[in-house]
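Below is one structure; the comments refer to it alone.
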Amino acid sequence: MSNESISLGARSGLQPMIGLHALRSPARERGFFGLREAQPGMAIQGIQIRAADCPQFKRVASALVSRRYAQRGYLTNTRASEGERHLLTLSAVAEQRTLGTLGIRFDSDAGLGADAVFADEMEALRASGLDLCEFTQLALDVDVPSKTVLAALFHTAYIHAHHVHDAQMLVIEVNPRHVAYYRRMLGFKVCSEARMNNRVQAPAVLMSLDFGYVEQQLRRYGGQPALGSLVRTLYPFFFSPQREAEIIAELQLTALAA
């Protein structure tokens, strides 16, 4: 499946944030990309990924980020980003409980959060000609299976970033002690040495991930959670290629009806 046939971004002439219309669709009961059945090892049924696009959802998502960051000794100012135009916040919700949250920031004249600490590295990435996006403010509830929730959030965010907005490369800032996990489990590459990130008062490393690599891994492993105990990667817990195609088709139909 090519980007040309499924993209909802600039080439189609639709609004830049058209993905939000699908996330707000009344027909989806404010839910999106639900895991219809429990996955192996899940204690909670029926995860849905929602856009935190109303004050209530934003407060809950911000509270989870603040709590988890504080537990790690990080500073955070979630209120500063709640009204940010180029930031889309997703929440994983089940049984009226927020299990995790992840923000997608799209590149613009305002830049990305990583520019503040890694300006030279970010300039080099942009010079490659690839359109960038950034995942930020990831927080997971410690009492739920993190692989399932992280995979659902990450795959949903990937669909919006890559297939809706045509982003080609993802950047993240992570604590040095988490670098090995992101390299092994998702295929991120290290782009910098560790530096102090004053926003959270903790060291950070810039990492990048080519979405072409994600496509390859989804074709190979997506939708096969049984492989999760056999291979050291998170991609078996992602949606299957068939389910991803269904999600993108749902986005297309909702976008056309918007």
>> Are Leu186 and Leu90 connected into the same hydrophobic cluster when the rule is that any two of I, L, V, M, F, W, Y join if their side-chain heavy atoms are below 4.5 Å apart?
In response: yes
> Say you draw a straight line from CG of Asp120 to CG of Asp115; how long is it, rounded to the nearest 0.5 Å?
Replying inline: 10.5 Å
> Of the non-hydrogen atoms in Cys133 and Ala161, which two are nearest, and what is the gap between them?
Replying inline: SG-CB, 3.7 Å
> Is there side-chain contact between Val179 and Val174, with heavy atoms separated by less than 4.5 Å?
Replying inline: yes
>> Checking the side chain of Ser192 only, and the main-chain atoms of Leu206 only, is there a donor and an acceptor separated by less than 3.5 Å?
In response: yes
>> If I take atom CG from residue Asn175 and atom CG from residue Asn197, how far apart are they, to the nearest 0.5 angstrom?
In response: 10.0 Å
> Under a 4.5 Å side-chain heavy-atom rule over Ile, Leu, Val, Met, Phe, Trp and Tyr, are Val171 and Phe135 clustered together?
Replying inline: no
> Between atom CD1 of Ile172 and atom CZ of Phe188, what is the distance when rounded to the nearest 0.5 Å?
Replying inline: 3.5 Å
> Between Arg199 and Gly113, is there a donor-acceptor pair closer than 3.5 Å when you use the side chain of the first and the backbone of the second?
Replying inline: yes
>> Take a 6.0 Å sphere around CZ of Arg220 and say whether it holds more than 12 heavy atoms from other residues, nucleotides or ligands.
In response: no
> Between the side chain of Arg195 and the main-chain N/O of Val117, is any donor-acceptor distance below 3.5 Å?
Replying inline: yes
> For the residue pair Tyr235 and His155, is the inter-centroid distance of their aromatic rings smaller than 6.0 Å?
Replying inline: no
>> Regarding Glu123 and Arg126, does a basic nitrogen lie under 4.0 Å from an acidic carboxylate oxygen?
In response: no
> Can you list the steps and then say if Ile247 with Phe239 is a side-chain contact (heavy atoms from CB on, under 4.5 Å)?
Replying inline: CA-CA 10 Å; Ile247 290 168; Phe239 304 125; 3.8 Å; yes
>> With side-chain contact (heavy atoms from CB on, under 4.5 Å) as the criterion, how do Thr136 and Leu87 come out once you've worked through the C-alpha distance, each side chain's angles and the decisive distance to 0.1 Å?
In response: CA-CA 9 Å; Thr136 185; Leu87 179 69; 3.9 Å; yes
>> I'd like to know if the side chain of Thr233 reaches the main chain of Met185, judged simply by a donor and an acceptor atom lying under 3.5 Å from each other, with no hydrogens or angles considered.
In response: yes
> Roughly how far, to the nearest 0.5 Å, is CZ of Phe211 from CG of Leu132?
Replying inline: 9.5 Å
> Same cluster or not: are Leu138 and Met169 linked, directly or through other Ile, Leu, Val, Met, Phe, Trp or Tyr residues, by side-chain heavy atoms under 4.5 angstrom apart?
Replying inline: no
> Of all heavy-atom pairs between Ala226 and Ser229, which one has the smallest distance, and what is that distance?
Replying inline: O-OG, 3.5 Å
>> With clusters defined by side-chain heavy atoms of hydrophobic residues (ILVMFWY) lying less than 4.5 Å apart, directly or transitively, does Leu218 cluster with Ile248?
In response: yes
>> Apply side-chain contact (heavy atoms from CB on, under 4.5 Å) to residues His165 and Ile104 and explain how you reach the verdict.
In response: CA-CA 11 Å; His165 293 275; Ile104 315 166; over 6 Å; no
>> Test of understanding: clusters of I, L, V, M, F, W, Y form through side-chain heavy atoms closer than 4.5 Å, transitively. Do Leu150 and Ile159 belong to the same one?
In response: yes
> Is there a donor-acceptor contact under 3.5 Å from the side chain of Ser108 to the main chain of Ala110?
Replying inline: yes
> Which pair of heavy atoms, one from Pro203 and one from Pro176, lies closest together, and at what distance?
Replying inline: O-CD, 3.5 Å
> Which heavy atom in Pro236 sits nearest to a heavy atom in Val231, and how many Å separate them?
Replying inline: CG-CG2, 3.8 Å
> Considering residues, nucleotides and ligands other than Arg183, do more than 12 of their heavy atoms fall under 6.0 Å from its CZ?
Replying inline: no
>> If I take atom CD from residue Gln201 and atom CE from residue Met196, how far apart are they, to the nearest 0.5 angstrom?
In response: 6.0 Å
>> Quick test of your reading of the model: are Arg219 and Glu244 salt-bridged, counting only N-O distances below 4.0 Å?
In response: no
> What heavy-atom pair brings Glu121 and Cys191 nearest, and what distance separates the two atoms?
Replying inline: CG-O, 3.2 Å
>> So which atom in Leu102 and which in Leu153 form the shortest heavy-atom distance, rounded to 0.1 Å?
In response: CD2-O, 3.9 Å
> Which value, rounded to the nearest 0.5 Å, describes the distance between Thr101 atom OG1 and Ile49 atom CD1?
Replying inline: 9.5 Å
> How about Tyr221 and Phe238: are their ring centres within less than 6.0 Å of each other?
Replying inline: no
> Can you check side-chain contact (heavy atoms from CB on, under 4.5 Å) on Phe118 and Glu173, steps first, answer last?
Replying inline: CA-CA 9 Å; Phe118 302 103; Glu173 297 173 273; 3.5 Å; yes
